[in-house]
Every structure is written in C-alpha cells, then in structure tokens.
Amino acid sequence: MVSNSEVAGTLSEIADLLDLLGEKFKPEAYRRAARSIEALPESLETIASRGDLRSIPGVGEAISEKVTEILRTGSLAYLERLRGQVPPGVLELMRLPGVGPKTARRFWAELGISGPAQLSEAIAAGRLSGVKGFAEKRVGQLRSAVGEVAAPSPSERMPIERAWPLARAIVEALRAVPTVHEVAVAGSLRRARETVGDLDVLVTADRTQPVFDTFSRLAEVREVRLRGPTKETVVLTCGLQVDLRVVEPEAFGAALQYFTGSKDHNVRLRSLARERGLKVNEYGVYRGEERIAGRTEQEVYGALGLAWVPPELREDRGEIADAAAGKLPRLVEAPDLVTELHAHLSPATTPVDLEGLVASARERSVEAVGVVVGRVRGGETVWTVPPELLDRIRGPPLRGIRLVPAVEAEGDLTGVGRSTLAAFEAEYLIAVPAGLGRAPSPQDLPPTPVKLVAHAGGAVDVARPVLELARLCRAAVEIGPGAERFDSTVARLARESGIALAVPTGVGTPPGDPSSAVALGFVRRAGATREEVLNASGLGTPAGPQPPLTGPRGRGRTPGHRKR
DNA sequence: GCCGTTTTCGGCCCGACTGTTTTCAGTCG
C-alpha cells in the first residue's frame with residue numbers, strides 16, 4: 001500500500017529534478033498535482049480503483065499513468081531515469097535556504113559541486129571568490145545555510161491548534177500598538193488547514209516603524225530573518241516562521257485575500273481576472289491603471305463578479321465556479337452552535353464546577369449542555385458523578401441553562417442498552433469506540449439510539465469503521481483538533497455519507513483553548529452548513545425558517561427539545 | 001504537463017526582497 005503522501009513526495013521530487021534540468025512549466029505541473037494529492041480526502045488506491053484519477057485537479061493523462069505505475073509497482077521508471085541524470089547531492093543543494101534550481105545547477109555544472117559537503121569545502125577553500133554572482137555577503141549566506149543542515153531540521157508544519165495561541169498572542173501584541181488600526185491573520189491558519197507552515201499577519205497602521213519594533217521584540221521571537229519597508233519575517237523559538245506585512249487601508253482586503261491563499265485558489269482567481277480584462281494583486285483589482293477594488297475582500301471578489309468565498313473553502317476545489325454561480329453553501333457559524341453535546345466534569349467534581357460550566361455556557365450563548373454523568377465499559381460502570389450533582393443536573397435549568405445528562409460508552413457497545421441510560425437517568429449515549437478494528441454490524445448496536453460518536457480520531461482509513469458505526473446508529477461524529485477527534489477530511493467524508501457532525505463549543509474548556517474555534521474551522525472547511533451540524537439546530541435558533549430538528553437523514557434531536 | 005463559458009494549442013500569477021548589479025536574476029511565498 002502506497003500512501004498519498006508518498007506519491008505526492010515522488011511527484012515533488014520529479015518537480016525538483018525537472019527544475020534542475022531547466023524545464024519550464026513541467027515542474028509547476030508536478031507540484032500542483034502533488035499538492036492536490038496531499039489534500040485528498042481518500043486514498044489514491046480507492047480513487048484509482050474507481051478509475052477517477054483524472055478527476056484530481058492537476059492530474060492529467062501523463063501524471064495519472066505515473067500514479068498508476070507507482071500504486072501498482074511501488075516505483076516509477078521515469079523518476080529513476082531523472083535521478084540518473086542528476087547527482088543526489090544536487091537536490092540537497094537546492095533545498096538549502098536561498099538556493100534554488102538555478103544556483104544549484106550552477107554549482108554542479110560550472111563548479112563541479114554536487115552536494116552540501118562539497119559546497120562547504122569549496123567555501124572553506126575560497127573557491128567561490130571571484131565567481132560571478134558570489135560576492136562576500138552571498139558566500140556568508142551560503143556558509144550559514146550549509147551549517148544549518150547539520151543543525152535542527154527546518155521547521156516542519158505545525159498542528160493548527162498549536163499555532164493558534166501563538167497567532168493570538170501576536171495579534172494582541174500588535175493591536176496594542178497605538179498607531180495600528182487593523183490586524184488580521186491570513187494564510188493557512190485562516191483557512192483552518194490542519195497544519196500550518198508559517199503565520200501571515202497583516203496590519204494597517206499610520207506608522208510602520210513602531211509595528212516592526214514591537215513585532216521584533218516579542219518574547220517568542222528567536223531571530224529577525226528579513227526586514228524591508230513593508231515586510232518583516234521572524235522565526236519564533238518553536239521554529240515557526242511569521243511574516244508581517246504593513247499595508248495601506250485601501251489595499252487591506254486585497255492583501256487579506258492574497259495572503260490567505262491558497263496558492264491554487266489565487267492562481268485561478270487571477271486567471272479569471274485576466275479573462276475579464278482585469279488584474280488582481282495584493283493591492284487591489286485593477287482595470288488598466290485604475291484600482292476598482294481593494295478595501296475589503298467582498299469588494300475584491302465582487303469586482304470579479306463573485307460572491308465572497310469563505311477562507312476555509314479557498315482550495316481550488318470548484319469554489320470559484322460556485323461563487324460565480326451563487327451556489328456557495330452557507331457555512332455553519334459560531335453563533336449557530338446553540339448546544340454543547342459533550343461536556344465533562346472532573347472526576348472530583350464539586351458544585352462549583354457546575355457553576356463554572358453554566359457560566360461558560362452563558363458566555364458562549366450556548367443554551368443547553370449535555371453533561372457526561374457516567375461512563376461504562378463493557379457493561380461495567382467505571383465512573384459516575386456524585387449523586388447530589390446528578391440531582392442538580394437533572395433538575396430545572398440553572399441560570400437559564402438546561403443541563404442534559406449523557407452517558408459515555410467506551411469500546412464495544414454490546415450490552416449497552418436502555419437500562420444503561422435508565423441507571424443514570426441519562427437522555428442519550430455517547431459512543432467512544434476506542435479500538436474499533438472492524439466495521440460494526442447491526443448486531444453490535446445498542447437498542448438505545450446513540451446521539452454522538454466521540455473520541456475516535458485517526459487517519460481517514462482508520463475512520464471508516466467509526467463512520468460506519470455512526471451511520472448505523474444515526475449518530476453524529478465529533479470533529480476537532482488533536483489525535484482523539486476527526487479532522488476536516490473525515491468531516492467531508494461523513495457529510496458525503498449523510499452523517500451529521502458535532503462541533504465542540506468550548507463550554508467547560510479553559511479560556512484561550514483553541515479547540516472549539518479550530519473544530520468550527522474544520523467543519524466549515526468540509527463545507528458543512530448549519531443543517532449538517534447536530535448541535536447547531538434547535539433551541540434558540542433565531543427567527544426565520546427553522547431547520548428540521550430531525551434532519552432529512554433521520555438524525556436525532558437536540559437535548560433541549562426533549563422536554564418541550 | 002495541464003487545461004479551456006474565448007481555446008485540443010498556446011498559454012501558464014505576481015510582487016517583495018536580496019545581492020549583485022549598472023538594469024537584473026534568483027528566490028520565496
């Protein structure tokens with residue numbers, strides 16, 4: 001079994017090799033195919049077995065044949081042939097910071113340098129002095145670049161839930177600068193990608209200098225890598241790179257659009273602009289010399305005849321055509337989340353904790369909270385809240401918040417039934433299918449409806465049996481960051497199978513915990529509307545057409561409705 | 001190599017920054 005990432009890696013290597021060989025457009029074609037494959041919600045094997053490889057953006061006749069060969073044989077003759085033309089060390093040279101295909105090729109072809117070690121020797125021996133294009137400063141850069149190879153590896157992509165608090169801290173620090181007006185985070189964090197490679201921060205300000213000064217002096221900053229009149233790049237102690245740009249207010253929307261990406265979304269957007277005789281860059285939309293949009297993103301998309309595209313959808317998966325046709329989904333939003341389905345009290349719970357939970361719900365305008373009052377494993381009770389708390393949870397609403405008792409059932413669901421709920425006087429079950437190694441069969445299902453499948457997590461292929469369980473139970477699956485929840489690719493698969501989603505609201509989590517915001521980003525990234533999120537319908541829904549409480553696919557009701 | 005409500009051929013996003021230049025090439029995002 002060859003993973004999607006391995007295939008993407010192979011295509012990227014082909015791109016690099018073609019770059020070194022001086023090819024013009026092929027490298028970008030291979031990179032684009034690699035990016036789409038990396039972002040696929042299901043395995044290439046599955047797609048190939050349906051004969052659908054050509055439906056992947058950027059995959060045409062030639063690349064689909066190569067992918068097929070890799071899947072079938074685990075290797076690729078074309079790649080081996082390219083490798084034969086370029087010494088392996090030259091690829092490593094190209095991966096040094098500041099060294100691209102042209103420079104690497106010159107080292108190799110003109111100076112006989114075919115690897116970082118040889119480059120290091122050449123620099124030490126002074127063989128670069130007098131060579132055109134390699135003056136003192138450049139040689140200094142190369143020396144440190146070669147040195148860094150042995151040092152800790154360059155920063156890899158970071159899980160979004162880790163990057164989120166860092167971004168928040170930076171935004172708050174910049175907002176405190178007196179000359180600053182607007183601050184926004186763009187990039188893959190804004191698109192709610194599961195991992196982020198760097199942070200992009202945009203600022204409008206009266207004066208640039210104080211902004212850069214504050215930025216460079218942040219406690220988390222390890223080094224300032226580059227500073228120009230409008231842009232500064234730093235590296236944080238954790239290795240994450242942060243780019244800060246100061247833009248004028250008239251261009252804020254255009255810059256936000258541009259730096260939010262994705263790259264493929266922007267390329268398509270600018271191609272569309274060209275077709276309409278317009279030009280889009282980070283300063284605005286231009287007809288000739290005249291700027292016709294730029295202050296807001298709505299203006300920018302509007303000038304191109306498009307509806308504003310939510311950042312989470314900007315991946316060139318057809319969203320631009322949808323925006324042109326007015327067919328973009330109305331994605332679920334934070335105020336839609338009126339119910340928390342899965343809140344925990346600590347094992348040593350006191351009434352104070354319950355007050356805290358209620359306060360937390362009020363803060364977030366959540367009106368009903370499903371509280372776990374007990375946990376069972378294989379029919380045995382493993383944990384339960386103190387009886388006096390159970391009474392309060394079952395009692396009348398606390399300060400307007402309705403508390404709904406729920407039971408978590410770990411692992412195997414056989415033996416879990418109505419009696420389990422009755423024992424706890426709970427209203428619904430939360431399945432926690434740890435170690436579910438196979439697809440469940442209907443006999444495995446409890447006679448009591450399960451409302452939520454939570455704490456499952458894992459990669460797409462691991463998720464399938466869990467999704468099958470959710471489908472059979474007509475339960476929602478919990479989405480969110482971390483190893484114990486499902487990400488946006490699984491959320492998308494769930495939606496496509498008609499399975500409802502559940503989004504943690506953050507009720508009962510510490511202040512500043514990013515998991516609720518990230519979870520919302522994930523389900524939006526999966527294209528979910530309010531109607532597809534179980535805890536977004538029902539209670540307190542604003543006036544207007546009410547979504548069906550029981551969705552078209554027969555999902556359960558929200559806790560708050562059971563006694564109304 | 002991919003792709004097309006202008007195309008099955010002829011295009012392929014665009015600008016900041018750096019170091020090296022006498023006006024630009026390369027890298028990066």
Side-chain angles (χ1 to χ4, degrees), chain A residues 11 14-37 53-67 78 82 93-107 128 130-142 145 154 186-188 196-202 224-233 241-247 251 254-255 257-286 304-305 316 320-321 324-325:
Chain A
L11 298 179
I14 292 173
D16 288 347
L17 289 166
L18 290 172
D19 244 341
L20 284 169
L21 293 168
E23 285 280 356
K24 265 292 189 218
F25 295 101
K26 286 187 192 181
E28 217 18 63
Y30 277 95
R31 285 199 186 97
R32 176 164 150 68
R35 282 196 302 273
S36 338
I37 286 171
L53 287 177
R54 297 282 298 268
S55 70
I56 301 166
V59 175
E61 187 182 351
I63 294 184
S64 75
E65 280 172 10
K66 292 186 174 72
V67 170
Y78 178 64
L82 289 177
L93 283 176
M94 201 178 107
R95 287 172 190 145
L96 296 175
V99 178
K102 301 281 170 56
T103 311
R105 191 178 159 80
R106 279 194 66 199
F107 283 144
L128 255 53
V131 179
K132 192 164 180 285
F134 296 101
E136 194 183 337
K137 267 187 144 170
R138 184 100 174 89
V139 174
Q141 280 182 338
L142 288 168
S188 47
V196 301
D198 63 4
L199 294 178
D200 292 290
V201 184
L202 296 179
V224 176
R225 194 160 270 183
L226 147 180
R227 182 188 264 201
T230 64
K231 173 184 170 178
E232 177 164 314
T233 296
Q241 178 171 313
V242 188
D243 294 327
L244 173 70
R245 287 176 179 83
V246 181
V247 303
Q257 193 289 316
Y258 180 86
F259 291 110
T260 296
S262 67
K263 183 186 170 84
D264 291 327
H265 175 88
N266 285 356
V267 167
R268 185 160 304 265
L269 199 71
R270 288 197 287 273
S271 302
L272 181 78
R274 277 170 84 91
E275 289 167 14
R276 301 187 179 183
L278 302 170
K279 187 178 79 169
V280 183
N281 58 27
E282 61 262 54
Y283 302 108
V285 182
Y286 292 82
L304 301 171
D316 190 26
I320 289 180

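Throughout, a chain's letter reflects where its sequence line sits, starting with A, and its residues are numbered from 1.
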So [X], base contact, sugar-phosphate only, or nothing? Heavy-atom distance under 4.0 Å.
X	result
Y30(A)	sugar-phosphate
E282(A)	sugar-phosphate
K231(A)	sugar-phosphate
E232(A)	nothing
T233(A)	nothing

Rounded [atom1] spacing from [N] to [M] in Å:
N	M	atom1	result
dA25(B)	dT20(B)	C1'	9 Å
dT8(B)	dG1(B)	C1'	14 Å
dT21(B)	dG26(B)	P	14 Å
dC2(B)	dT7(B)	C1'	13 Å

Looking only at side-chain N and O atoms, does [X] come under 4.0 Å of OP1 or OP2 in [N]?
X	N	value
T103(A)	dT27(B)	yes
K137(A)	dG19(B)	yes
K263(A)	dC14(B)	no
R274(A)	dC12(B)	yes
Y283(A)	dA16(B)	yes

(request) Would you confirm whether S64(A), through its side chain, and G60(A), through its main-chain N or O, come within 3.5 Å as a donor-acceptor pair? (result) yes

(message) Any strand counts, and the cut-off is 3.5 Å on both contacts for Watson-Crick or G-U wobble. Which nucleotide pairs with dT8(B)?
(response) none

(request) Could you tell me whether D264(A) and R35(A) have a side-chain N and a carboxylate O separated by less than 4.0 Å? (result) yes

(request) Verify the stacking flag for F25(A) against dC2(B): centroid separation must be under 5.5 angstrom and the ring planes must differ by under 30 degrees. (result) no

(request) Under the salt bridge (charged side-chain N to carboxylate O under 4.0 Å, His left out) rule, what do D19(A) and R105(A) come out as? Steps first, then yes or no, please. (result) CA-CA 9 Å; D19(A) 244 341; R105(A) 191 178 159 80; over 6 Å; no

